[in-house]
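Each chain gets a letter, A, B and so on, in the order its sequence line appears, and its residues count up from 1.
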2 protein chains.
Amino acid sequence: MSGLRLSPLDCTCFRIRGAARRVTQIYSKHLASTGLKISQFSLLGFVTAQGPVSIGRLSDLLATDRTTLTRNLGPLLKDGLIERAQSGDKRRHDLVATPAGRALFKRALPLWAAAEQEVRDAMGAKLTADLHGAIERSMEKLAAL
Amino acid sequence: MSGLRLSPLDCTCFRIRGAARRVTQIYSKHLASTGLKISQFSLLGFVTAQGPVSIGRLSDLLATDRTTLTRNLGPLLKDGLIERAQSGDKRRHDLVATPAGRALFKRALPLWAAAEQEVRDAMGAKLTADLHGAIERSMEKLAAL
DNA sequence: CGCGCTTGCGTGCATATACACATTTGCACT
DNA sequence: AGTGCAAATGTGTATATGCACGCAAGCGCG
């Protein structure tokens, strides 16, 4: 391996971050009318689906830093979309979606689907599969580091 | 196209953002001793390479929102790594790397290369090519939207 | 019981990201 | 010169991200 001269223009990090920005922009456009950002949509979706769940577990599911999740939860708590319930272990905060939260997620779902479809239609089935496959395999390989 | 039922778990945006977070983490580790974040490394590199360049042009090159760039420039200006020079057009601010900025970039370059190499070694040549190819083609397709 | 280690979380700080809006300058046309 | 539009940039506000640090609650053991 190695040997090839690498230019910062070939930076994998730079490229993937750029792609993330671009894709985020597209989803944001579709979700704008719900007031939800794409991260909030994912977060709300996981809480809705996973039932009572702790922050720590959520950070595993979402592959997001725990403290980042704490902040991201803020707006959703403030808007009454998610609530903190007391669990047996007083350290833990069981998160549950409120009726309003579930309703909003349900309303946002087709908008997300439209965004996802727009992206997939633009890329085509093969490229979509290639991209998803490459990302998934990369994450597996990079998990060890 | 379309027809397949999509679950939020298959969200392209969610996946690519997660990948970006993970990859960012790896590069950050390598660049930590320089005090540069990966975005700052890219930014400083572009300014160093492109000579005097305006914010607007940089935002095109980096595919980053112009106003984001304005903020990201802040720390680099504060640390004297990049300077604003007056150009003929007083609206524009020509950005140039200072000697300190160029020196730091030169010092950071091998550390970035080590990060890039670590990622590529972990993924292997084929997956690296697949990932880069998929991202590049995706960006082309999504540019139109 | 009480000591110490572990676990689960929040906070302070700094950066990254981008939309809407305001400001300044340049330029063309009258 | 004057007016009006376009171009280049900064700011207000809000979210996203994560490291270092601190705190409180559980847990094991003498």
Side-chain angles (χ1 to χ4, degrees), chain A residues 13-14 16-29 31-44 52-60 62-79 81 84-95, chain B residues 13-14 16-29 31-44 52-60 62-79 81 84-95:
Chain A
C13 192
F14 173 67
I16 206 168
R17 285 172 67 93
R21 283 195 299 270
R22 177 70 186 112
V23 173
T24 295
Q25 198 177 29
I26 296 170
Y27 285 73
S28 297
K29 179 185 61 182
L31 287 175
S33 68
T34 66
L36 287 173
K37 307 291 180 184
I38 180 62
S39 331
Q40 298 176 333
F41 172 79
S42 298
L43 182 45
L44 182 56
V53 61
S54 71
I55 300 243
R57 169 138 182 72
L58 258 185
S59 79
D60 286 340
L62 295 166
T64 301
D65 186 88
R66 180 186 55 75
T67 67
T68 295
L69 227 50
T70 296
R71 322 285 178 146
N72 294 357
L73 230 34
L76 300 178
L77 292 172
K78 177 174 63 65
D79 295 339
L81 304 172
R84 291 168 156 176
Q86 282 297 332
S87 71
D89 188 333
K90 286 180 184 172
R91 291 170 302 182
R92 194 157 30 216
H93 294 191
D94 278 347
L95 302 170
Chain B
C13 191
F14 174 67
I16 205 168
R17 285 172 67 94
R21 283 195 299 270
R22 177 71 188 110
V23 172
T24 295
Q25 198 176 29
I26 296 170
Y27 285 74
S28 296
K29 181 185 60 182
L31 287 176
S33 67
T34 66
L36 288 173
K37 308 291 181 184
I38 181 61
S39 330
Q40 299 175 333
F41 172 80
S42 299
L43 183 45
L44 182 55
V53 61
S54 72
I55 300 244
R57 171 141 179 70
L58 257 185
S59 79
D60 287 339
L62 295 165
T64 301
D65 187 89
R66 181 186 56 75
T67 68
T68 296
L69 226 50
T70 295
R71 322 283 178 150
N72 293 358
L73 230 34
L76 300 177
L77 291 172
K78 178 174 63 64
D79 294 341
L81 303 172
R84 291 169 157 175
Q86 282 297 334
S87 70
D89 189 333
K90 285 181 183 173
R91 290 172 303 182
R92 195 156 31 216
H93 293 189
D94 278 348
L95 302 170

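No contact: B:Arg57 has no heavy atom under 4.0 Å from any strand. The residue A:Ser39 sits close only to the backbone: its heavy atoms come under 4.0 Å of sugar-phosphate atoms, none of a base. Residue B:Ser54 is in sugar-phosphate contact alone, with no base atom involved, counting any heavy-atom pair closer than 4.0 Å across all strands shown.
Remark: B:Asp60 pairs with no residue by the side-chain contact (heavy atoms from CB on, under 4.5 Å) rule, at least two apart or across chains. Remark: B:Lys90 engages no residue in a salt bridge (charged side-chain N to carboxylate O under 4.0 Å, His left out) (not counting sequence neighbours). For B:Thr68, the side chain to side chain donor-acceptor pair (under 3.5 Å) test picks out no residue, with sequence neighbours left out. By the side chain to side chain donor-acceptor pair (under 3.5 Å) test, B:Ser54 pairs with no residue at all, sequence neighbours left out. For B:Ser87, the side-chain contact (heavy atoms from CB on, under 4.5 Å) test picks out B:Asp89, B:Arg92, B:Asp94, with sequence neighbours left out. Applying the side-chain contact (heavy atoms from CB on, under 4.5 Å) rule to A:Ser59 yields the partners A:Arg66, A:Leu69; only residues at least two apart in sequence or on another chain are considered. The side chain to side chain donor-acceptor pair (under 3.5 Å) test applied to B:Asp79 returns no partner, not counting sequence neighbours. Scanning for side-chain contact (heavy atoms from CB on, under 4.5 Å) contacts around B:Ser39 gives A:Arg17, with sequence neighbours left out. Partners of A:Ser28 under the side chain to side chain donor-acceptor pair (under 3.5 Å) rule, at least two apart in sequence or in another chain, do not exist in this structure.
Remark: the B:Thr67 side chain and the C:dC19 base include a donor-acceptor N/O pair separated by less than 3.5 Å. For a distance-only test at 3.5 Å, the side chain of A:Arg66 fails to qualify as a donor-acceptor partner of the base of C:dG8.
Looking at which nucleotide of DNA chain C each of B:Lys78 and A:Arg22 is closest to, the 5′-most match is held by B:Lys78. For the pair A:Val53 and A:Gln25, both in contact range of DNA chain C, the more 5′-proximal nearest nucleotide belongs to A:Val53.
Whole-Å rounding puts the B:Leu31 CG to C:dT15 P distance at 15 Å. Rounded to a whole Å, the CZ atom of B:Phe41 is 18 Å from the P atom of C:dT15. Nucleotide C:dC9 holds its P atom 10 Å from the CG atom of A:Asp60, rounded to whole Å. The separation between B:Asp65 atom CG and C:dT15 atom P is 19 Å, rounded to whole Å. Here the C1' atom of nucleotide C:dA14 and the CG atom of B:Leu36 are 14 Å apart, to the nearest Å. Here the P atom of nucleotide C:dT17 and the CD atom of B:Gln40 are 10 Å apart, to the nearest Å.
Distance check: A:Leu76 CG to A:Phe41 CZ gives 12.5 Å after rounding to the nearest 0.5 Å. In this structure, the separation between OG1 on B:Thr34 and CD on B:Gln40 is 8.5 Å, given to the nearest 0.5 Å. Taking CG from A:Leu73 and CG from A:Leu58, the interatomic distance works out to 7.5 Å, rounded to the nearest 0.5 Å.
Taken residue by residue, residues 69-77 of chain B places heavy atoms nearer than 4.0 Å to DNA chain C at B:Arg71, B:Asn72, B:Pro75. Listed in residue order, the members of residues 88-95 of chain B having a heavy atom less than 4.0 Å from DNA chain C are B:Gly88, B:Asp89, B:Lys90, B:Arg91.
In summary, contact between chain A and DNA chain D, defined as any nucleotide atom under 4.0 Å from a heavy atom of the protein, begins and ends at D:dT15 to D:dG26 in the 5' to 3' direction.
The phosphate of C:dT15 has neither OP1 nor OP2 within less than 4.0 Å of any side-chain N or O from A:Arg17.
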